[in-house]
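One structure is given here, and the rest of the page talks about it.
A quick note: this is a predicted structure, and the numbers were derived from the prediction, not measured. Letters A, B, ... are given to chains in the order of the sequence lines, protein chains preceding strands, and every chain is numbered from 1. Values below: all heavy atoms of this structure, side chains included; hydrogens, waters and symmetry mates excluded.
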Amino acid sequence: MTTRLPEEIVPDNDQTRARAEHLAKIQALVGNAYPNKFERSRLTGGAEGEDTITSVVGAYRKHEPEVKEGGRPTPEQLEEANARLDGAVVRVSGRLATPPRVMGKAAFVHLSDGKERLQIYVRRQEAVAVSNDSLRPVEEEESGWKLFQLLDHGDFVGVEGKLFVTKTGEMSVHVGTIQFLSKALLPMPDKLHGISDPEIRQRQRYADLIASSLKVKTDEGDDDARHGLSTREVFELRSKLVTAMRRHLDDHGYIEVETPMLSPIASGAAARPFTTHHNALDIDLYLRIAPELYLKRLLVGGFERVYELNRNFRNEGISTRHNPEFTMLEFYTAYKDVNWMMDFCEEMLRHTIQTTTGSTTVRFEGQELDFGHRLERLSMKEAIARHLPPLFKEISEPFHISWLDDDLRVREMIALNDAHVIEEASLRSLMTMKIEHGMDEDEAVEEYLDAGKKIDIDKLWSEVRSSSSRLLGHDKSATPLLIQQLFEEFAEQHLFDPTFITDFPKAISPLSKASPDDPAVAERFELYVAGMEVANGFSELNDPAEQLERFEEQTRQREGGDEEAMQMDEDYVKALAYGMPPAAGIGIGIDRLTMLLTNRRSIRDVILFPHMRPRPTSEAQAEADEEQTSDS
RNA sequence: GCACCCGUGGCGCAAUGGUAGCGCAAACGGCUUUUAACCGUUGGGUUGUAGGUUCGAAUCCUACCGGGUGCACCA
């Protein structure tokens with residue numbers, strides 16, 4: 001008798017009790033309920049030559065007779081189909097994908113290998129159970145049938161039998177022997193609805209994956225139908241994407257490298273790092289926020305094309321677009337600049353998306369994303385000008401893009417936007433107050449909207465203008481940050497079609513080269529798709545003296561309180577002093593790209609085990625309850 | 001960190017202040033080509049936790065736990 005698992009792991013209810021009882025009876029019938037292996041036949045060349053359900057279905061399903069929806073094949077068709085199957089005997093294994101359908105003296109059930117399903121047919125007098133101790137038939141009348149009665153939805157079995165086609169035209173295995181392989185002590189997810197609770201889907205991804213492969217396909221528009229792909233398919237696609245990207249880079253002369261994830265300095269990006277501690281050395285280490293500076297050291301060392309595809313860690317907020325660890329592909333190419341990199345990135349995306357999805361267009365949130373043509377390239381200032389809200393167009397003087405070159409004007413635009421946001425907020429809180437004091441909600445909302453229309457932009461604008469002297473007093477060097485702020489405020493969310501944003505302010509790009517045409521502009525781009533930043537690339541700064549200055553500037557900002565300003569890395573500057581060839585580099589967010597290709601709007605849906613607050617242990621929970629009771 | 005929303009048998013959901021219900025799953029019985037199998041019978045709940053308001057709470061209030069979404073931060 002097996003030990004009963006603790007309640008936290010396997011709750012005690014009618015479902016689990018039935019399964020535990022079945023397990024005990026199975027052990028009495030076939031011995032060891034958890035055998036070490038099951039040898040499968042070798043007719044269709046699945047994994048390592050063995051027959052998987054997927055390979056058997058792939059090889060033989062074509063013999064199923066063609067039948068109209070809901071119809072049945074004719075006796076002639078059946079005879080023909082069975083002749084073509086020629087009594088092929090397969091040994092296959094899988095999970096019971098449905099509860100057994102027992103009909104007196106015969107039964108059907110589907111087995112799943114996670115991807116495909118294959119029906120097995122068990123007859124009372126014929127099926128023989130195989131003992132897991134002796135590997136010989138169990139010496140008992142109707143042993144296979146007895147074993148079958150003890151099977152639950154989700155158990156693993158191996159069967160051997162002839163392939164045939166049933167009356168309804170479905171290819172099935174006519175079971176000769178059946179071997180028990182493993183027990184599902186916990187009930188399977190609902191066969192029709194799967195798991196809808198996002199918490200369980202993400203915390204217990206295994207259950208979500210089971211649900212996604214066992215779910216019965218219906219005509220109803222369910223979750224999968226809306227998204228197009230099941231959970232399993234999302235991660236299959238992700239894997240294909242990563243493989244395609246590796247292959248593309250390998251084919252273009254890149255070598256894959258691995259650089260430290262633990263580092264005494266967290267640099268190469270603007271982000272807050274995780275801290276950890278090395279006991280033997282007694283030093284604090286950081287989890288890397290980007291591999292960038294190590295990869296460029298390799299350019300110094302003589303590798304002309306390198307890439308790394310792995311995790312970065314950033315100690316920041318969690319959202320639908322951010323996970324504390326995320327996968328980034330970074331690669332560097334000697335003797336190339338930012339323009340080459342945009343072309344290469346575009347070509348690489350086109351090619352890998354085509355390979356993984358079969359098309360260069362992607363459906364995301366009901367809209368079409370087209371990677372098949374040359375992607376739009378827009379300077380940051382052009383993007384701001386294009387997506388400027390009406391607020392700025394209504395004011396007395398028509399907006400002109402040259403405003404973005406004027407420090408004072410940029411400040412005024414920020415101030416105007418702030419003033420407007422504050423105005424809106426106060427209206428909103430007024431509305432809330434009115435509702436709290438008993439005003440009809442619809443009425444309050446209407447009043448709020450009316451008031452919103454009446455916000456006097458010209459008045460706000462003149463107020464902003466009159467405080468110009470105060471605005472002028474501000475540090476001019478902050479302007480690039482404000483430009484970026486305007487971009488994020490107005491433009492970013494509207495960049496749905498894949499768009500390269502170019503001409504970043506140099507001051508916010510401490511690792512990239514300045515443009516030969518404009519010393520204030522960096523040769524840098526970011527790729528935006530569906531309002532998300534997906535890639536970030538630039539001509540790599542390789543002048544050690546200038547790099548040192550840029551680091552020093554970052555250090556000043558750090559000391560001024562900017563926790564995310566980049567950390568000085570002296571050894572990196574030293575590497576540059578050995579000479580780094582001109583080069584272009586890029587980082588591509590794999591999670592976000594996967595979101596686009598799988599039509600998922602949350603990053604948690606494309607990461608197998610996204611980070612969540614740990615569940616309190618049962619003792620901790622009891623303690624917390626205890627505390628509450630004693631408090632009150 | 002802030003705001004809003006959610007938490008009901010194993011799973012998916014219903015019940016808006018008045019007897020906690022339905023489908024799937026489970027148990028038992030019937031059925032030798034079914035497939036969201038079918039037919040009959042049965043069991044299963046301290047409504048996330050703790051407190052409060054009320055004659056009466058799944059429903060209203062407070063706090064806590066967990067989750068989702070949006071904002072902030074960021075890629």
Side-chain angles (χ1 to χ4, degrees), chain A residues 10-19 21-22 72 78 97-110 117 119-126 145 152-154 164-170 172 174 186-203 207 211 215-220 222 269-272 289-290 312 314-324 326-328 428 432 488 492 526-528 532-536 563-564 587-593 601-604 612-616 620-622 624-632:
Chain A
V10 177
D12 183 32
N13 57 50
D14 58 332
Q15 321 271 317
T16 56
R17 232 170 288 139
R19 285 166 183 266
E21 281 163 20
H22 290 165
R72 292 197 168 205
L78 280 181
T98 57
R101 294 185 291 276
V102 181
M103 296 166 308
K105 299 190 176 67
F108 287 95
V109 73
H110 280 90
R117 48 175 73 198
Q119 183 170 255
I120 64 171
Y121 173 58
V122 179
R123 285 178 102 166
R124 182 165 179 163
Q125 297 100 325
E126 293 172 3
W145 188 249
D152 289 301
H153 187 196
F164 76 112
V165 174
T166 66
K167 267 188 198 165
T168 51
E170 180 166 346
S172 309
H174 193 130
L186 286 162
M188 291 295 107
D190 189 290
K191 66 180 175 182
L192 299 179
H193 305 95
I195 298 176
S196 68
D197 183 348
E199 180 174 355
I200 299 175
R201 290 182 81 133
Q202 291 160 15
R203 237 183 243 287
K215 201 158 143 193
V216 173
K217 301 258 186 293
T218 61
D219 300 334
E220 287 168 43
D222 59 11
R272 297 217 300 264
I289 53 175
N312 290 342
R314 299 191 183 175
N315 204 342
E316 282 155 358
I318 296 178
S319 79
T320 43
R321 290 179 299 282
H322 301 87
N323 196 56
F326 63 101
T327 301
M328 178 106 106
R428 189 176 293 269
T432 316
E488 285 168 2
E492 188 171 348
E526 284 185 348
L527 174 63
Y528 283 85
M532 277 194 296
E533 184 192 333
V534 171
N536 176 11
E563 276 188 78
E564 277 157 16
I588 300 177
I590 297 298
D591 311 279
R592 289 184 175 180
L593 191 52
R601 59 191 293 272
S602 171
I603 200 167
R604 281 185 284 262
M612 298 183 94
R613 200 179 297 271
R615 281 255 123 159
Q621 184 62 55
D625 292 349
E626 179 71 20
E627 229 165 82
Q628 260 192 13
T629 321
S630 57
D631 280 357
S632 49

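- Using Watson-Crick or G-U wobble geometry with both donor-acceptor distances under 3.5 Å, B:U41 finds its partner in B:A27.
- Between the side chain of A:Arg123 and the base of B:U32, at least one donor-acceptor pair of N or O atoms lies under 3.5 Å.
- Distances shorter than 4.0 Å separate none of the side-chain N or O atoms of A:Arg124 from OP1 or OP2 on B:C31.
- Contact annotation for A:Ser602: backbone-only contact, meaning every heavy-atom pair under 4.0 Å involves sugar-phosphate atoms and none involves a base.
- B:A37 and B:A27 are spaced 15 Å apart, taking the P atom of each and rounding to whole Å.
- Position along RNA chain B of the nearest nucleotide to A:Pro189 versus A:Gly169 favours A:Pro189 as the more 5'-ward residue.
- A:His174 comes within contact range of no nucleotide atom at all, as no heavy-atom separation falls under 4.0 Å.
- Between the side chain of A:Asn312 and the backbone N or O of A:Phe326 there is no donor-acceptor pair closer than 3.5 Å.
- When the P atom of B:U34 is taken as reference, atom NE2 of A:His110 falls 13 Å away, rounded to whole Å.
- Comparing the P positions of B:G7 and B:A15 gives an interatomic distance of 11 Å, to the nearest angstrom.
- A:Gln119 contributes a side-chain N or O that forms a donor-acceptor pair with the base of B:U34 under 3.5 Å.
- The interatomic distance linking A:Lys105 (NZ) with B:U34 (C1') rounds to 16 Å, in whole Å.
- Applying the Watson-Crick and G-U wobble criteria (two distances, each under 3.5 Å), B:G56 pairs with nothing in any strand.
- The side chain of A:Arg101 lies closest to B:U34 when the candidates are B:U33, B:A26, B:U34.
- Between A:Tyr121 and A:His174, the ring planes are perpendicular. Angles over 60° get that label, and only those under 30° would be called parallel.
- Note on A:Arg272: nothing from the nucleic acid sits closer than 4.0 angstrom, heavy atoms only.
- Between B:G23 and B:U8, the two C1' atoms lie 15 Å apart (nearest whole Å).
- Shown here, B:G70 forms a base pair with B:C2; the pair counts as Watson-Crick or G-U wobble because both key distances fall under 3.5 Å.
- Counting any heavy atom pair closer than 4.0 Å across all strands shown, A:Thr16 reaches no nucleic acid atom.
- Per the geometry, CD belonging to A:Gln15 stands 18 Å off P belonging to B:U42, to the nearest Å.
- Nucleic acid contact class of A:Ala270 (heavy atoms, under 4.0 Å, all strands): sugar-phosphate only.
- Counting non-hydrogen atoms under 4.0 angstrom, A:Ala271 reaches nothing in the nucleic acid.
- Judged by distance alone, the side chain of A:Arg124 and the main-chain N or O of A:Trp145 form no donor-acceptor pair under 3.5 Å.
- Checking B:A75, B:A26, B:U34 against every side-chain atom of A:Ala18, the shortest atom distance belongs to B:A26.
- With a 4.5 Å cut-off on side-chain heavy atoms, A:Arg123 and A:Lys105 do not count as touching.
- Distance check on atom P: B:U59 versus B:G70 gives 29 Å, rounded to whole Å.
- A distance of about 45 Å separates the C1' atoms of B:G18 and B:C31, rounded to the whole Å.
- Distance alone, capped at 3.5 Å, places no donor-acceptor pair between the A:Arg101 side chain and the A:His110 backbone.
- Distance A:Glu126 CD to B:U32 P: 14 Å, rounded to the nearest Å.
- Pair check for B:G7 finds B:C65; Watson-Crick or G-U wobble, both atom distances under 3.5 Å.
- Atom pair A:Arg203:CZ and B:G7:P shows a separation of 18 Å (rounding to whole Å applied).
- Between the side-chain ring of A:Phe326 and the base of B:A75, a stacking contact exists by the 5.5 Å and 30° definition.
- The same atom, C1', is picked in B:U42 and in B:A3; the two are 48 Å apart, to the nearest Å.
- Residue A:Gln202 places its side chain closer to B:G68 than to any other of B:G68, B:G23, B:U32.
- A:Pro11 comes within contact range of no nucleotide atom at all, as no heavy-atom separation falls under 4.0 Å.
- Nucleotide B:U32: unpaired (no Watson-Crick or G-U wobble partner with both distances less than 3.5 Å).
- Scanning for side-chain contact (heavy atoms from CB on, under 4.5 Å) contacts around A:Gln15 gives A:Asn13, A:Pro187, with sequence neighbours left out.
- A:Asp197 comes within contact range of the sugar-phosphate backbone alone, with a heavy-atom separation under 4.0 Å but no base atom that close.
- In this structure, the side chains of A:Asn323 and A:Asp591 stay at 4.5 Å or more apart for every pair of heavy atoms.
- For A:Glu533, the side-chain contact (heavy atoms from CB on, under 4.5 Å) partners are A:Glu526, A:Tyr528, A:Asn536, A:Arg592, not counting sequence neighbours.
- Counting only heavy atoms from C-beta on, A:Arg592 has its side chain closest to B:A75 among B:U34, B:U33, B:A75.
- Distances shown here put every side-chain N or O of A:Arg17 at or beyond 4.0 Å from the OP1 or OP2 atom of B:A26.
- B:A25 sits 25 Å from B:G67 when the C1' atoms are compared, rounded to a whole Å.
- Summary of the strand contacts: A:Arg72 and A:Arg604 both lie near RNA chain B, and taking for each the nucleotide with the nearest heavy atom, the more 5' one is attributed to A:Arg72.
- Taking atom CE on A:Met532 and atom P on B:G70, their separation rounds to 12 Å, with Å as the unit.
- Base contact: A:Asn323 has a heavy atom under 4.0 Å from a base atom.
- Of the nucleotides present, none pairs with B:G17 by Watson-Crick or G-U wobble criteria with both distances under 3.5 Å.
- In this structure, A:His153 reaches neither bases nor backbone, as no heavy-atom distance under 4.0 Å exists between it and the strands shown.
- Rounded to the nearest Å, the gap between the P atom of B:C5 and that of B:C73 is 24 Å.
- Note: CG (A:Asp12) to P (B:G43) measures 19 Å, nearest angstrom.
- If you check every strand for non-hydrogen atoms under 4.0 Å, A:Val534 touches nothing.
- Closest to the side chain of A:Met103, out of B:A37, B:G10, B:A75, is B:A37.
- For A:Asp190 against B:G23, a side-chain N or O and a base N or O form a donor-acceptor pair under 3.5 Å.
- In this structure the side chain of A:Thr98 reaches within 4.5 angstrom of the side chain of A:Arg117, judged on heavy atoms.
- Straight-line distance from the CD1 atom of A:Ile318 to the P atom of B:A75: 16 Å, rounded to whole Å.
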